[in-house]
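Note sheet for the following structure.
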Amino acid sequence: MADVVSPSGIPIATVYGPGDASPDTDIALGAPGQFPFTRGVQPTMYRGRLWTMRQYAGFGTAAETNARFKLLLEAGQTGLSVAFDLPTQMGIDSDSPRALGEVGRVGVAIDTVEDMHALLAGLPLDKVSTSMTINATASTLLAMYIVVAEERGIARDALSGTIQNDILKEYVARGTYVYPPKPSLALIAETFRFCAAEVPQWNPISISGYHMREAGATAVQEVAFTCANAVAYVQAALDAGLAIDAFAPRLSFFFACHNDLFEEVAKFRAARRLWARLMRDRFGANDASCRMRFHTQTGGVTLTAQQPLNNVVRVAVQTLAAALGGTQSLHTNGYDEALALPTAEAATLALRTQQIVAFESGVAQTVDPLAGSYYVESLTNEIEARALDLMAKVEELGGAARAIEASFMQEEIGKSAYAHQLNVESGQTVVVGVNRFADGAARPVIPTPDYRQLESEQRARVIAVKAQRDGAAAAKCLQAVEDAARSGETTVMPLLIDAVRARASVGEISDAMERVWGKYR
């Protein structure tokens, strides 16, 4: 019989016994809520509080997305998660020729704080947490969120949520960067400082392995490269004069969850332990700073356009793995997302999947129910060891930024993606409905919005805001942002808030900084 390996290439034995667990398993496990957090970041985990059920949504216009948020909240969602269109992510306004054909296509278009008001209309910002998948323009979108709350009479310290703000993985796997790494890292350190001082319940970064996994990374690479990037952010903050325990407790992470249930559970457990040990041993952080809190999203790349209802089962398996692995927050994909933006029916069913696992499966009744499994502990140890080996190679190259410049991470992920594709094409990796048990049925057709009309209306909205505002006040605020970037002034978040308040747009603010910092190519 051929050797059996996990998707990360870890050999899988026919049976596991006591000798397959590490001699220091009891020490490595610890207790739930205690260092090294292998068994979870809270002592009671889901007995005390379930994970946040946070469905990702972004549909063309702010008003449409607002309606979907309200639908999901009524269905039992417990947190918001915003997908932005590509122009918003790239710092380009909807009325720019560069945005043509992209407005509202993969998320919501947000040009000015007026759009943010429409996006969040009627939502209790002091009672619900909001996650925003935004990176290069993250500081500007956070400023918009704060101004919306301010103009509705909600204090900053009542706001809770997360901005992704993880630019390094954009250079590796996703591509929605604007500025070069050095000023980008300085801007991220500034959001750390600002949030610690002004928005204490806000997570100023979500260090993301998800997009690297979507690009083809293995579970081991996902852990290694995510943690390597996180080290770079910690060091940037320390270099900016911040104390480790002033910002590190609010660091958050974002992982994918794929189909191999046991490897995914082990991945989450290994990542927590690796990060805890790294933070204590390298940075001298306290226990609060050593806790790896993370959001999980089921694997978009695992969804198939063929036999799309099969994706319901895939998402259920991935949901189970995320819960068994101890996630703090979870988004479940709609079964139709390989075809188009999810329909309301598919998004609701995805939420129901989480609710069934939470309330009917029994996995939430006790903490880390797979702990002590010879197989799971062996996988956990192996993933941690292999991730540490990869991180050592990153360090040899001078750290994450240098490794990215040398294309090390990109090439490693590319090799894994290629190997996976070869295995699918040869049938060695089975994808039900694609390379086995295919029925040849035509793919269903999902209705799509009239993007041309949507784009025209959004362009009109941003043009109207720019025409009606106090142009001199907006120009003065934008000049202040540009001057701060030119002088090297690091305390720029208050200036961004002033610019947003004056109705400066995402594109105008991005351009002000780009004129000084340049564009990364």
Side-chain angles (χ1 to χ4, degrees), residues 35-37 41 135-136 138-139 142 162-172 177 179-209 223-254 271-294 387-388 390-405 409 484-485 487-494 496 513 517:
F35 188 92
F37 307 107
V41 295
N135 295 282
S139 54
L142 174 59
T162 304
I163 44 174
Q164 193 162 98
N165 204 21
D166 174 5
I167 203 65
L168 291 176
K169 67 92 176 49
E170 297 295 324
Y171 303 128
V172 174
Y177 43 73
Y179 322 114
K182 187 175 180 179
S184 294
L185 288 170
L187 188 57
I188 288 167
E190 156 65 354
T191 62
F192 288 4
R193 181 207 62 78
F194 176 82
C195 288
E198 301 281 341
V199 202
Q201 296 187 76
W202 199 273
N203 301 319
I205 195 168
S206 177
I207 305 155
S208 174
V223 172
F225 295 153
T226 302
C227 289
N229 287 346
V231 167
Y233 294 126
V234 169
Q235 192 59 56
L238 294 175
D239 292 345
L242 301 180
I244 184 72
D245 297 320
F247 68 89
R250 297 309 302 183
L251 298 178
S252 66
F253 292 78
F254 175 26
R272 273 195 301 269
R273 188 164 72 207
L274 186 159
W275 183 246
R277 289 170 165 172
L278 180 66
M279 287 294 279
R280 177 180 283 186
D281 296 346
R282 180 163 176 172
F283 297 109
N286 66 24
D287 278 6
S289 297
C290 292
R291 286 188 178 93
M292 175 186 265
R293 300 170 303 111
F294 58 86
L388 284 168
L390 258 183
M391 289 182 71
K393 293 178 181 178
V394 172
E395 288 296 310
E396 287 171 10
L397 291 167
R402 293 283 180 86
I404 291 166
E405 289 174 1
M409 295 186 192
S487 69
E489 170 58 50
T490 56
T491 310
V492 296
M493 275 302 298
L496 297 182
M513 292 186 282
W517 294 337

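Residue numbers start at 1 and run along the sequence shown.
Closest approach of Met279 and Ser289 over heavy atoms only: CE-O, 3.6 Å. Residues Ala189 and Ala240 approach most closely at CB-CB, 4.1 Å, considering heavy atoms. Closest approach of Ala232 to Ala400, counting heavy atoms only: CB-CB, 4.0 Å. Scanning both residues, Ala136 and Tyr179, for their nearest heavy atoms gives O-CE1, 4.0 Å. When all heavy atoms are compared, the tightest approach of Leu238 to Ala243 is CD2-C, 4.4 Å. The minimum heavy-atom distance linking Ser184 with Ile167 is given by the pair CB-CG2, 3.9 Å.
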Step by step, work out the side-chain contact (heavy atoms from CB on, under 4.5 Å) result for Leu390 and Val223. CA-CA 9 Å; Leu390 258 183; Val223 172; over 6 Å; no
Pair Ser208-Asn135, side-chain contact (heavy atoms from CB on, under 4.5 Å): steps then yes or no: CA-CA 11 Å; Ser208 174; Asn135 295 282; over 6 Å; no
Worked verdict on Val492 versus Phe194 for side-chain contact (heavy atoms from CB on, under 4.5 Å): CA-CA 9 Å; Val492 296; Phe194 176 82; over 6 Å; no
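The side-chain contact (heavy atoms from CB on, under 4.5 Å) check on Ala288 picks up Pro249, Asn286, Arg291, with sequence neighbours excluded. Take Glu198 and apply the side-chain hydrogen bond (donor to acceptor under 3.5 Å, both in side chains) test, not counting sequence neighbours, and it matches Arg156. Under the ring pair (Phe, Tyr, Trp, His ring centres under 6.0 Å) criterion, Phe192 pairs with Phe247, not counting sequence neighbours. Residues passing the salt bridge (Lys or Arg N to Asp or Glu O under 4.0 Å) test with Arg402: none are found, sequence neighbours excluded.
Side-chain contact check for Met391 versus Leu278: some heavy-atom pair is nearer than 4.5 Å. For the pair Tyr171 and Pro181, the minimum side-chain heavy-atom distance is below 4.5 Å. Put simply, the side chain of Val234 does not reach to within 4.5 Å of the side chain of Arg282, judged on heavy atoms. Using a 4.5 Å heavy-atom cutoff, the side chains of Trp202 and Ile163 are in contact. Residues Phe254 and Ile205 fail the side-chain proximity criterion, which asks for heavy atoms closer than 4.5 Å. Side-chain contact between Arg280 and Pro36: absent, with no pair of heavy atoms (C-beta onward) separated by less than 4.5 Å. Phe225 places a side-chain heavy atom less than 4.5 Å from the side chain of Val394. Under the 4.5 Å side-chain criterion, counting only non-hydrogen atoms from C-beta, Trp275 is in contact with Leu251.
In this structure, Asn165 contributes its side chain and Pro204 its backbone to a donor-acceptor pair below 3.5 Å. With hydrogens and angles ignored, the 3.5 Å screen pairs a side-chain donor or acceptor of Ser487 with a backbone N or O of Ala484.
Taking CE from Met292 and CZ from Arg273, the interatomic distance works out to 12.5 Å, rounded to the nearest 0.5 Å. For the atom pair CD of Gln235 and CD1 of Ile244, the computed distance is 9.0 Å after rounding to the nearest 0.5 Å. The CZ atom of Arg272 lies 14.0 Å from the SG atom of Cys290; values are rounded to the nearest 0.5 Å. Note that CZ of Phe294 and OG of Ser252 are 11.5 Å apart. Values are rounded to the nearest 0.5 Å.
For the salt bridge (Lys or Arg N to Asp or Glu O under 4.0 Å) condition, no pair includes a residue of residues 230-249, sequence neighbours left out. Sorted by first and then second residue, the salt bridge (Lys or Arg N to Asp or Glu O under 4.0 Å) pairs with a member in residues 179-195 read Glu190-Arg193; sequence neighbours excluded.
In this model, a donor atom of one side chain and an acceptor atom of the other lie less than 3.5 Å apart for Tyr233 and Asp166.
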